[in-house]
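Written out below as structure tokens is the structure these notes cover.
Only a predicted model underlies this, so the values are computations on that prediction, with no experimental measurement involved. Computed from heavy atoms alone, side chains included, the values below leave out hydrogens, waters and symmetry copies.
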Amino acid sequence: MSLRLTALDAVHRALGATMTDFAGWDMPLRYGSEREEHNAVRTKAGLFDLSHMGEITVSGPQAGEMLDHALVGFVSALAVHKARYTMICAADGGILDDLIVYRTGEDEFMVVANASNAPLVLDELRARVEGFDAAVRDDRDAYALIAVQGPDSPAILGSLTDADLPGLKYYTCLPAVVAGRPALLARTGYTGEDGFELFVAPADAEALWQALTEAGASYGLIPCGLSCRDTLRLEAGMPLYGHELNTSLTPFDAGLGRVVRFDKTTNDGEFVGRAALEKAAEQAAAHPPRVLVGLVSPGRRVPRAEMNVVDAEGTVIGSITSGAPSPTLGKPIAMAYVDATHATPGAQVAVDVRGTHEPVEVVALPFYKRAR
């Protein structure tokens with residue numbers, strides 16, 4: 001099957017991007033130096049094409065109640081133009097995907113799924129809408145998604161719109177006009193820095209990308225690919241589906257039990273997976289599962305996904321989920337699920353790197369937190 005192309009494909013190729021297959025999309029991995037792109041987001045600003053993400057609209061008089069039934073969060077409690085991080089789980093409590101849901105109107109919500117899981121999420125929502133006065137619409141082709149991230153992003157975007165950016169708080173959204181084009185602005189991010197996402201019509205994507213590029217030139221804004229997006233989210237301790245999250249884990253196993261709302265007042269409090277998640281919550285309280293922690297290596301060898309974490313006796317106590325050199329810290333870092341008895345920050349453990357036990361220190365997540 002041929003790869004799907006975003007509305008900005010010609011722009012990426014003109015910029016000389018290295019392209020890669022990501023969840024069936026031909027996406028820019030990098031434009032030049034991954035380290036330069038990473039550091040630009042941390043110190044100035046970076047521009048991303050995220051049009052591979054999956055937008056699904058749920059609308060109708062019972063849209064909120066339907067999402068309360070379908071997802072683990074209390075979505076109907078969201079005010080208009082607010083957003084929430086949540087998950088969709090299977091009946092057995094396993095995580096099918098982590099999502100951001102935006103309430104775009106009184107009876108309308110936009111669910112944003114990860115690219116690799118968007119078809120599954122769409123199918124699940126269509127199955128779970130039965131019995132509700134609501135409709136599920138596939139809007140993946142209706143949007144291009146551009147993100148500008150970094151400390152200078154408010155100034156850059158502010159030069160192109162009259163929207164109230166200071167009033168656009170974290171996890172909110174706002175309809176706006178940017179460089180003469182309509183957009184839904186959001187402030188959710190996935191880099192650990194301040195920034196904005198622009199949901200726009202595909203036909204407007206190139207014009208908005210160019211306008212942001214020109215507005216950001218004096219600030220040092222550069223285009224950024226998926227590679228630096230991964231190191232940015234890793235430093236920020238943000239989970240990635242397929243690494244820190246999967247169907248074999250419940251939100252409680254992943255240390256994200258806070259997203260599960262048992263106090264919903266709709267649907268008599270019932271939602272898909274509730275019974276299994278109640279049991280998972282009880283088990284986690286009585287016998288803490290492996291804990292997601294940060295690991296920092298004093299050496300140069302980088303811990304990679306699926307490598308084992310071992311104690312001083314060489315006993316396996318966990319597994320790496322993500323690892324990379326950290327441009328900000330200047331050291332190799334990783335996230336790993338480890339036994340609760342070894343999860344205390346400061347604990348000294350090791351990673352089995354092809355038979356050699358490389359020492360690492362357990363640290364609290366995130367590795368990096370921006371000054372506010």
> Got a sec, which pairs hit salt bridge (charged side-chain N to carboxylate O under 4.0 Å, His left out) with one end in residues 52-70, sequence neighbours left out?
Replying inline: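 Qualifying pairs: none.
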Flag, side chain of [X] to backbone of [Y], donor-acceptor distance under 3.5 Å:
| X | Y | answer |
| --- | --- | --- |
| N114 | D98 | yes |
| R274 | G269 | yes |
| Q348 | G346 | yes |
| K264 | G73 | yes |
| E193 | G150 | no |

Nearest-0.5 Å distance, [atom1] of residue [X] to [atom2] of residue [Y]:
| X | Y | atom1 | atom2 | result |
| --- | --- | --- | --- | --- |
| L145 | S51 | CG | OG | 6.0 Å |
| T321 | L245 | OG1 | CG | 9.0 Å |
| I222 | E37 | CD1 | CD | 5.5 Å |
| T86 | L99 | OG1 | CG | 6.5 Å |
| M238 | Y85 | CE | OH | 10.0 Å |
| R261 | S76 | CZ | OG | 9.5 Å |

Taking distance alone, no hydrogens or angles, what donor-acceptor pairs closer than 3.5 Å link side-chain atoms of residues 5-14 to residues at least two apart or in another chain?
| unit_1 | atom_1 | unit_2 | atom_2 | d |
| --- | --- | --- | --- | --- |
| T6 | OG1 | L8 | N | 3.1 |
| T6 | OG1 | D49 | OD2 | 2.7 |
| D9 | OD1 | R13 | NE | 3.2 |
| D9 | OD1 | R13 | NH2 | 3.2 |
| D9 | OD2 | R13 | NE | 2.9 |
| H12 | ND1 | Y31 | OH | 2.9 |
| H12 | NE2 | D49 | OD2 | 2.7 |
| R13 | NH2 | D26 | OD2 | 2.4 |

Student check: side-chain heavy atoms of [X] and [Y] closer than 4.5 Å:
| X | Y | result |
| --- | --- | --- |
| V129 | H69 | no |
| F367 | K369 | no |
| I333 | V363 | no |
| D139 | M110 | no |
| S326 | L234 | no |
| V58 | E108 | no |
| L122 | R140 | yes |
| T104 | F109 | no |

>> For R42, run the side-chain contact (heavy atoms from CB on, under 4.5 Å) check against Q149, R370, E235 and tell me which one passes.
In response: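 Per the side-chain contact (heavy atoms from CB on, under 4.5 Å) rule, the option paired with R42 is E235, out of Q149, R370, E235.
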>> Going by salt bridge (charged side-chain N to carboxylate O under 4.0 Å, His left out), name the residues that satisfy it together with D268, two or more places apart in sequence or in a different chain.
In response: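 For D268, no residue satisfies salt bridge (charged side-chain N to carboxylate O under 4.0 Å, His left out) once neighbours in sequence are set aside.
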>> Strictly below 4.0 Å, N to O, side chains only: are D253 and R290 in salt-bridge contact?
In response: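 Answer for the salt bridge query: no.
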>> Tell me whether R233 is salt-bridged to E244, with the criterion being a basic N under 4.0 Å from an acidic carboxylate O.
In response: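 Between E244 and R233 there is a salt bridge, with a charged N closer than 4.0 Å to a carboxylate O.
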Short side-chain donor-acceptor distance under 3.5 Å, [Y] and [X]:
| X | Y | result |
| --- | --- | --- |
| H38 | T231 | yes |
| T341 | D339 | no |
| D352 | N308 | no |
| H52 | S116 | no |
| Q210 | E206 | no |

Taking only distance into account, with no hydrogens and no angle test, what donor-acceptor pairs under 3.5 Å do side-chain atoms of residues 160-185 form with protein atoms, sequence neighbours excluded?
| unit_1 | atom_1 | unit_2 | atom_2 | d |
| --- | --- | --- | --- | --- |
| T161 | OG1 | A163 | N | 3.0 |
| T161 | OG1 | V177 | O | 2.8 |
| D164 | OD1 | G167 | N | 3.1 |
| K169 | NZ | P166 | O | 3.0 |
| Y170 | OH | T188 | O | 3.2 |
| T172 | OG1 | K169 | N | 3.1 |
| T172 | OG1 | K169 | O | 2.5 |
| R181 | NH1 | D204 | OD1 | 2.9 |

> Which other residues belong to the hydrophobic cluster containing V309, where Ile, Leu, Val, Met, Phe, Trp and Tyr are joined when side-chain heavy atoms lie under 4.5 Å apart, directly or via other members?
Replying inline: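 Answer for V309: V291, V293, L295, M307, I317, I320, V338, V349, V351, V353, V360, V362.
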> Can you list the residues that meet the side-chain hydrogen bond (donor to acceptor under 3.5 Å, both in side chains) rule with E358, with sequence neighbours excluded?
Replying inline: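 In terms of side-chain hydrogen bond (donor to acceptor under 3.5 Å, both in side chains), with neighbours along the sequence ignored, E358 is linked to R301.
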